[in-house]
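Okay, structure first, notes after.
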Amino acid sequence: MSKEWPLWEIFIRGQHGLSHRHVGSLHAPDAEMALKNARDVYTRRNEGMSIWVVESAKITAFDPDTAEQNFAAPKSKVYRHPSFFEIPDDVGAM
Amino acid sequence: MYAQLVETGAAETSEKDREFQEKIDRGVRIEANDWMPEGYRKTLIRQISQHAHSEIVGQLPEGNWITRAPSLQRKAILLAKVQDEAGHGLYLYCAAETLGISRDEMTAQLLSGKAKYSSIFNYPTLTWADIGAVGWLVDGAAIMNQVPLQRCSYGPYSRAMIRVCKEESFHQRQGFDIMRQLCQGTDDQKAMAQDALNRWWWPSLMMFGPSDKDSVHSEQSMKWGIKQNTNDELRQKFVDQTVPQAEWLGLTVPDPDLAWNEAKGGYDFGEPDWSEFYEVLKGNGPCNRDRLAARNKAWDDGAWYRDGLIAHAEKQQTIAAE
Ligand SMILES: [Fe+2]
Ligand SMILES: [Fe+2]
Ligand SMILES: [Fe+2]
């Protein structure tokens with residue numbers, strides 16, 4: 001039984017100036033092949049000008065079950081939003 | 001501004017340099033792996049690291065009032081604001097690191113006093129009104145400067161600026177809100193607000209750096225798309241925006257030469273004391289020594305913690321490998 005190729009996450013910069021965005025994943029034996037495969041799979045219509053590949057196993061994420069507690073704190077900190085402060089219209093841009 | 005008097009070195013004119021300049025002129029963003037002239041790289045490292053240092057040192061004057069904020073809500077707001085500035089410093093250090101300088105190198109430059117940070121953070125915050133004035137004026141001036149930097153030719157810096165600008169509006173508004181409350185309060189409170197404006201007005205104007213006719217590096221930075229506006233243009237915009245706000249508050253801008261100029265559609269205003277500016281940059285401002293001492297203390301006191309976390313991470317790796 002041959003060994004399965006690892007999974008890679010693919011990030012593409014669609015336009016100059018923008019950051020790379022996750023577009024999907026694919027299997028490849030190594031990083032170089034992952035890049036070439038990503039180019040062929042994800043940029044056939046000129047969707048990219050730069051590609052990053054990251055082995056999926058190297059990505060660390062929060063357990064989705066803990067999302068509630070992980071992201072709850074900012075909800076009570078409404079003052080972090082500029083709209084919290086009422087600035088009269090005649091004060092001008094701020 | 002947050003980066004003042006950034007040296008650019010002399011421009012070269014090889015074929016590659018010309019192609020690079022064409023790219024800039026077409027408005028194409030430069031990314032970390034693209035070829036770039038050494039001068040461009042070095043200028044950006046200086047500017048972005050100086051900007052980062054300013055965000056980090058900038059926490060100190062405001063941090064000074066966290067424990068003494070007049071209410072629990074004001075305390076929470078100020079804490080959130082200072083926390084944002086720490087984040088701004090981190091975004092910017094990371095952007096600078098894409099150019100090949102390490103975080104430790106930058107930190108060492110700040111701690112030794114070799115690296116500069118904005119002159120403004122070497123002034124003391126003497127009263128609670130200063131926290132209002134800093135948010136309103138200093139963050140206001142920072143926004144003036146940072147908005148055009150969102151279009152900077154270097155991608156990682158421009159993207160960091162987009163994030164920063166989204167967060168700055170809250171900073172300026174919370175400052176103005178403090179000023180407004182003081183100005184609508186007792187005579188003493190209003191006097192406190194006026195006193196803060198008196199002390200912060202000129203240092204805020206100095207944030208934009210010396211006049212362009214004296215700013216030797218401006219021209220190259222503008223050619224490279226690192227800088228979009230001249231120091232004088234931004235200073236003028238700031239004055240035009242801020243003076244009506246001071247009037248709205250019922251405060252007097254401490255400049256006898258200030259007058260509306262109908263012909264130019266903006267205010268005429270006096271010249272900041274540039275000898276003071278250069279003294280502050282040289283390290284002789286009211287708080288330079290305190291600021292550096294505080295950063296050094298934080299670094300030294302945190303050493304055991306940084307080392308402890310690394311030791312823990314290494315131990316976990318060893319266990320996992322066994
Ligand atoms: Fe700031
Ligand atoms: Fe900031
Ligand atoms: Fe800010």
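Residue numbers start from 1 in every chain, and the chains themselves are labelled A, B, ... in the order their sequence lines are given, proteins ahead of strands. Values below: every heavy atom of this structure, side chains too, minus hydrogens, waters and symmetry copies.
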Non-hydrogen side-chain atoms of Phe170(B) and Ser83(A) separated by less than 4.5 Å: no
Under 4.5 Å from any heavy atom of chain A - which part of Glu247(B): neither
Top of Arg159(B), Gln172(B), Glu167(B), Gln241(B) for chain A proximity - count of heavy-atom pairs under 4.5 angstrom: Arg159(B)
Heavy-atom neighbours of Asp63(A) CG exceed 12 at 6.0 Å: yes
Donor-acceptor pair, side chain of His16(A) and main chain of Val28(B), under 3.5 angstrom: no
Selection from Ile162(B), Ile77(B), Leu249(B) maximising heavy-atom pairs under 4.5 Å formed with chain A: Ile77(B)
Phe84(A) vs Asp177(B) side-chain heavy atoms within contact, under 4.5 Å: no
For Pro88(A) against Arg180(B), the heavy-atom pair lying closest together: CD-NH1, 3.7 Å
Distance-only side-chain donor-acceptor flag, Gln174(B) / Arg80(A), under 3.5 Å: no
Derivation of the side chain to side chain contact (heavy atoms under 4.5 Å, CB included) call for Ile178(B) and Phe85(A): CA-CA 10 Å; Ile178(B) 291 172; Phe85(A) 301 91; over 6 Å; no
Side chain to side chain contact (heavy atoms under 4.5 Å, CB included) evaluation trace for Met94(A) with Gln245(B): CA-CA 10 Å; Met94(A) 195 171 288; Gln245(B) 293 167 349; 3.4 Å; yes
pair Gln15(A)-Arg29(B): side-chain heavy atoms closer than 4.5 Å: no
